[in-house]
K.L.:
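Below you will find the structure I want to go over with you.
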Amino acid sequence: MFSGLVQLDDSLNIKPDIAKKWDISEDGKTYTFTLRNDVYFHKSDLFGNDSTRTVKAADFTYSLNRLLDEQVAAPGRWILQNVENFYAVNDSVFEIQLNKTFPAFLGLLTMKYASVVPHEAFEKQGYNFRSNPIGTGPFQFKIWEENVKLVLRKNPLYYEKDEQGNQLPYLEAVAITFLPDKQSGFLQFVQGKKDFVSGLDPSYKDEILTPKGQLQPKYTEKVSMITGPYLNTEYMGFRLDGPDDAVKDKRIRQALNYGFDRAKMIMYLRNGMGTPGTNGMIPTGLGGFGCEGYNYNPVKARELVASYKAETGDKNPKIQISTSASYLDITEYLQREWQKIGLNVEVDVNPPSTLSQAISTGKVSFFKASWIADYPDAENYLSLFYSKNFSPGGPNYTHFKNEEFDRLYEQSFLVTDDKKRQEIYKQLDAIVMEEAPVIVLFYDKAARFTGKDVNGLGINPLNLLTLKTTKKDKKE
């Protein structure tokens with residue numbers, strides 16, 4: 001329903017959206033956007049007799065100010081944390097000035113937080129934007145029965161066209177159904193009552209996929225599966241200033257890293273949905289991926305454990321891993337594998353909300369976590385190890401601190417050449433792997449399932465659902 005200055009294609013390239021072009025100053029701090037003049041808000045009585053109007057640069061000033069407004073308390077306010085100022089130069093030119101160089105900034109602007117909204121909807125007394133949203137996107141709001149169904153209709157004023165000059169979107173409408181659990185959603189999908197289901201829930205993964213990640217034979221005639229890399233790194237983290245001494249020793253952290261077969265884990269516990277995490281924290285699909293991580297090496301793992309025990313006199317180190325019930329199968333597999341290298345690891349299962357709080361406040365020493373990218377730049381992952389980002393105020397949950405890492409991380413912000421910056425990212429990831437504040441388990445895969453009559457859906461590493469080029473065959 002919404003659109004912004006820029007957008008991502010399925011390869012995570014930043015493309016024009018409402019801004020048809022942009023310029024970035026030599027110092028990387030000033031972004032000047034030139035807007036299209038044919039973008040209209042969805043039709044509404046708010047706009048008087050014309051029932052719509054074109055988007056002007058001042059609408060972006062208004063929309064970004066809402067993002068900063070403490071009364072609004074927008075969860076996406078953080079995307080503007082490096083912004084000094086922004087303003088409309090005239091109706092078609094919008095300028096943003098940063099307080100420091102931040103090469104990933106355009107990627108942040110592709111997030112839906114940066115979408116444009118009309119000031120009329122918030123200035124009219126009694127108008128409820130939540131139940132009558134107005135945007136500029138390919139679909140417009142029609143009906144919403146909370147917890148039951150949401151219906152969107154094609155926006156006849158939408159500005160984008162396909163390569164042949166046909167107006168997008170192709171679909172007349174999109175209906176979204178709200179169901180109590182993923183199992184019932186999957187059942188309705190296989191019965192032909194739904195066109196699309198996203199993700200592979202443990203409740204039905206064995207029903208639809210073989211252990212090698214192929215569709216089960218009974219579904220190949222009526223179901224299409226689309227898979228691709230997903231910018232999600234699943235990992236275990238060590239709290240380096242936490243209560244347990246054993247995990248503060250690098251040998252133990254490295255031994256745990258070497259002590260299990262990631263490829264076997266992916267095949268038997270994930271039905272092939274994922275890539276073994278034998279590189280760094282940066283997942284496949286992002287520039288900077290490819291530093292050397294840990295492969296299965298039980299001999300090396302046992303040597304490290306023996307060295308630790310001999311030097312410290314700690315013959316039975318206390319190691320407890322905290323996880324949630326949905327990852328119990330993986331943690332129990334790891335527990336069995338680590339026993340073989342001479343380490344007894346206890347498993348502590350917590351509700352997800354309790355676990356998140358305990359990780360943030362340092363109540364647990366060894367924990368299961370994941371990091372899904374918000375924007376397409378590896379800085380997203382490396383921010384987890386910058387010492388000024390210590391939790392609970394920031395995302396550095398391990399409290400990793402390394403002077404060389406901090407120096408290179410700060411240096412990367414000043415490099416506007418993507419290839420050079422990605423080389424620095426690889427160096428940063430290599431430092432993290434050597435010090436092992438984390439165990440990278442796997443890089444996730446996104447999976448989408450549709451009926452055979454749905455075409456043009458596509459997939460991207462952020463798993464954003466874009467339906468403007470999707471078609472559904474008409475029934476005979």
K.L.:
Between R130 and E146, is the closest basic N to carboxylate O distance under 4.0 Å?
P.N.:
yes
K.L.:
Taking the side chain from R253 and the backbone from V247, do they hold a donor-acceptor pair closer than 3.5 Å?
P.N.:
yes
K.L.:
Please report the C-alpha distance between T61 and D59 in whole Å, then the side-chain angles of each, then the deciding distance to 0.1 Å, and finally whether the side-chain hydrogen bond (donor to acceptor under 3.5 Å, both in side chains) criterion is met.
P.N.:
CA-CA 5 Å; T61 308; D59 293 310; over 6 Å; no
K.L.:
Nearest 0.5 Å, please: how far is CD1 in I321 from CZ in F238?
P.N.:
8.0 Å
K.L.:
So does K420 pair up with E423, basic N to acidic O under 4.0 Å?
P.N.:
no
K.L.:
Around atom CD of E403, are there more than 12 heavy atoms of other residues, nucleotides or ligands at under 6.0 Å?
P.N.:
no
K.L.:
Heavy atoms, side chains only, cut-off 4.5 Å: are F405 and F400 in contact?
P.N.:
yes
K.L.:
Would you check, one step at a time, whether the test side-chain contact (heavy atoms from CB on, under 4.5 Å) holds for F33 with I96?
P.N.:
CA-CA 8 Å; F33 299 90; I96 301 177; 3.9 Å; yes
K.L.:
Can you name the one residue among W22, F86, F105 that meets ring-ring contact (aromatic ring centres under 6.0 Å, His included) with Y31?
P.N.:
F105
K.L.:
With a 4.0 Å cut-off on N to O distance, would you call R270 and D444 a salt bridge?
P.N.:
yes
K.L.:
Taking the side chain as C-beta and beyond, is there a heavy-atom pair between D406 and K388 under 4.5 Å?
P.N.:
no
K.L.:
Nearest 0.5 Å, what's the NZ-CG distance between K368 and L328?
P.N.:
12.5 Å
K.L.:
Within the structure provided, determine whether T233 and V438 are in side-chain contact (heavy-atom separation under 4.5 Å).
P.N.:
no
K.L.:
Got a second to check how far N396's CG is from R239's CZ, nearest 0.5 Å?
P.N.:
8.5 Å
K.L.:
Flag yes if more than 12 heavy atoms outside Q191 fall under 6.0 Å of its CD atom; otherwise flag no.
P.N.:
yes
K.L.:
What do the steps show when you test K149 against T177 for side-chain contact (heavy atoms from CB on, under 4.5 Å), and what is the final call?
P.N.:
CA-CA 5 Å; K149 199 167 207 172; T177 308; 4.3 Å; yes
K.L.:
Are E346 and N344 close enough that a side-chain donor and a side-chain acceptor fall under 3.5 Å?
P.N.:
no
K.L.:
Quick one: do R421 and D377 satisfy salt bridge (Lys or Arg N to Asp or Glu O under 4.0 Å)? Show the steps, please.
P.N.:
CA-CA 10 Å; R421 194 168 74 258; D377 193 282; 3.1 Å; yes
K.L.:
In Å, rounded to the nearest 0.5 Å, how long is the span from CG of D10 to OG1 of T466?
P.N.:
6.5 Å
K.L.:
For the backbone of V345 and the side chain of Q335, can you confirm whether one donor and one acceptor N or O come within less than 3.5 Å of each other?
P.N.:
yes
K.L.:
With distance as the sole test, does Q254 use its side chain to make a donor-acceptor pair with the main-chain N or O of Y294 at under 3.5 Å?
P.N.:
no
K.L.:
Rounded to the nearest 0.5 Å, what's the gap from CG on L441 to CE on M265? Could you check?
P.N.:
5.0 Å
K.L.:
Parallel, tilted or perpendicular, judged at 30° and 60°: which one describes the rings of F129 and F122?
P.N.:
tilted
K.L.:
Is the shortest side-chain N to carboxylate O distance from D429 to K426 below 4.0 Å?
P.N.:
no
K.L.:
Taking the side chain as every heavy atom from C-beta outward, state whether L80 and L64 have any pair of such atoms under 4.5 Å apart.
P.N.:
yes
K.L.:
Taking the side chain as every heavy atom from C-beta outward, state whether V440 and N279 have any pair of such atoms under 4.5 Å apart.
P.N.:
no
K.L.:
At their closest point, which heavy atom of N13 faces which heavy atom of D9, and how far apart are they?
P.N.:
N-OD1, 2.8 Å
K.L.:
Just wondering, more than 12 heavy atoms not from Y268 lying within 6.0 Å of its OH?
P.N.:
no
K.L.:
For P276 and A263, work out which heavy atoms get closest and say how close.
P.N.:
CG-CA, 3.8 Å
K.L.:
Can you confirm whether the side chains of K212 and Q214 place a donor and an acceptor under 3.5 Å from each other?
P.N.:
no
K.L.:
What is the minimum heavy-atom distance between G199 and Y204, and which atoms define it?
P.N.:
O-OH, 2.8 Å
K.L.:
Between Y381 and F289, is a side-chain contact (heavy atoms from CB on, under 4.5 Å) present by the stated rule, with each step listed?
P.N.:
CA-CA 11 Å; Y381 290 86; F289 168 78; over 6 Å; no
K.L.:
Using distance alone, with no hydrogens and no angle criterion, decide if Y308 and D314 have a side-chain donor and acceptor under 3.5 Å apart.
P.N.:
yes
K.L.:
Is the backbone N or O of Y296 less than 3.5 Å from a side-chain atom of D261, with the two atoms forming a donor-acceptor pair by type?
P.N.:
no
K.L.:
Kindly determine whether R251 and E303 satisfy salt bridge (Lys or Arg N to Asp or Glu O under 4.0 Å), including the steps that lead there.
P.N.:
CA-CA 9 Å; R251 288 168 295 189; E303 284 172 3; over 6 Å; no
K.L.:
So, does S322 use its side chain to make a donor-acceptor pair with the main chain of D348 at under 3.5 Å?
P.N.:
no
K.L.:
Has E207 got more than 12 heavy atoms of other residues, nucleotides or ligands less than 6.0 Å from its CD?
P.N.:
yes
K.L.:
Any side-chain heavy atom of L457 within less than 4.5 Å of one from F196?
P.N.:
yes
K.L.:
Taking the side chain from N350 and the backbone from T354, do they hold a donor-acceptor pair closer than 3.5 Å?
P.N.:
no
K.L.:
Give a yes or no answer on whether the side chain of W371 reaches the backbone of N380 with a donor-acceptor pair at less than 3.5 Å.
P.N.:
yes
K.L.:
Supply the atom-to-atom distance F2 CZ to Q140 CD, rounded to the nearest 0.5 angstrom.
P.N.:
11.5 Å
K.L.:
Please check if atom NZ in K248 has more than 12 non-hydrogen atoms from other residues, nucleotides or ligands closer than 6.0 Å.
P.N.:
yes
K.L.:
If every non-hydrogen atom of A447 is compared with every non-hydrogen atom of I459, which pair is closest and at what distance?
P.N.:
N-CD1, 4.4 Å
K.L.:
Could you check whether atom NZ of K315 has more than 12 heavy atoms from other residues, nucleotides or ligands sitting under 6.0 Å from it?
P.N.:
yes
K.L.:
Would E410 and K100 count as a salt bridge (Lys or Arg N to Asp or Glu O under 4.0 Å) if you check the C-alpha gap in whole Å, the side-chain angles of each, and the deciding distance to 0.1 Å?
P.N.:
CA-CA 11 Å; E410 288 168 7; K100 66 175 183 180; over 6 Å; no
K.L.:
Using modelled atom types only, decide if a donor and an acceptor are shared between the side chain of S391 and the backbone of S360 within a distance under 3.5 Å.
P.N.:
yes
K.L.:
Do you know which two heavy atoms are closest between G277 and Y443, and how far apart they sit?
P.N.:
CA-CE1, 3.6 Å
K.L.:
Step by step, would you call D17 with K15 a side-chain contact (heavy atoms from CB on, under 4.5 Å)?
P.N.:
CA-CA 6 Å; D17 200 350; K15 298 287 188 185; over 6 Å; no
K.L.:
Compare all side-chain heavy atoms of L98 with those of E84 and state whether any distance is below 4.5 angstrom.
P.N.:
no
K.L.:
Checking the side chain of N271 only, and the main-chain atoms of M273 only, is there a donor and an acceptor separated by less than 3.5 Å?
P.N.:
no
K.L.:
Describe, in one word, how the ring planes of Y113 and W78 are oriented to each other, choosing from parallel (under 30°), tilted (30 to 60°) and perpendicular (over 60°).
P.N.:
perpendicular
K.L.:
Considering all heavy atoms of both residues, which atom of I341 and which atom of P298 are nearest to each other, and what is their separation?
P.N.:
CG2-O, 4.1 Å
K.L.:
Got a sec: does the CD of E70 have more than 12 other heavy atoms crowding it under 6.0 Å?
P.N.:
no
K.L.:
Check this for me: K309, atom NZ, are more than 12 non-hydrogen atoms of other residues, nucleotides or ligands nearer than 6.0 Å?
P.N.:
yes
K.L.:
Taking atom types as modelled and ignoring hydrogens, do the side chains of S3 and T136 form a donor-acceptor contact shorter than 3.5 angstrom?
P.N.:
yes
K.L.:
Under 4.5 Å between any side-chain heavy atoms of T331 and M236, yes or no?
P.N.:
yes
K.L.:
Are the charged groups of E434 and K250 less than 4.0 angstrom apart, N to O?
P.N.:
yes
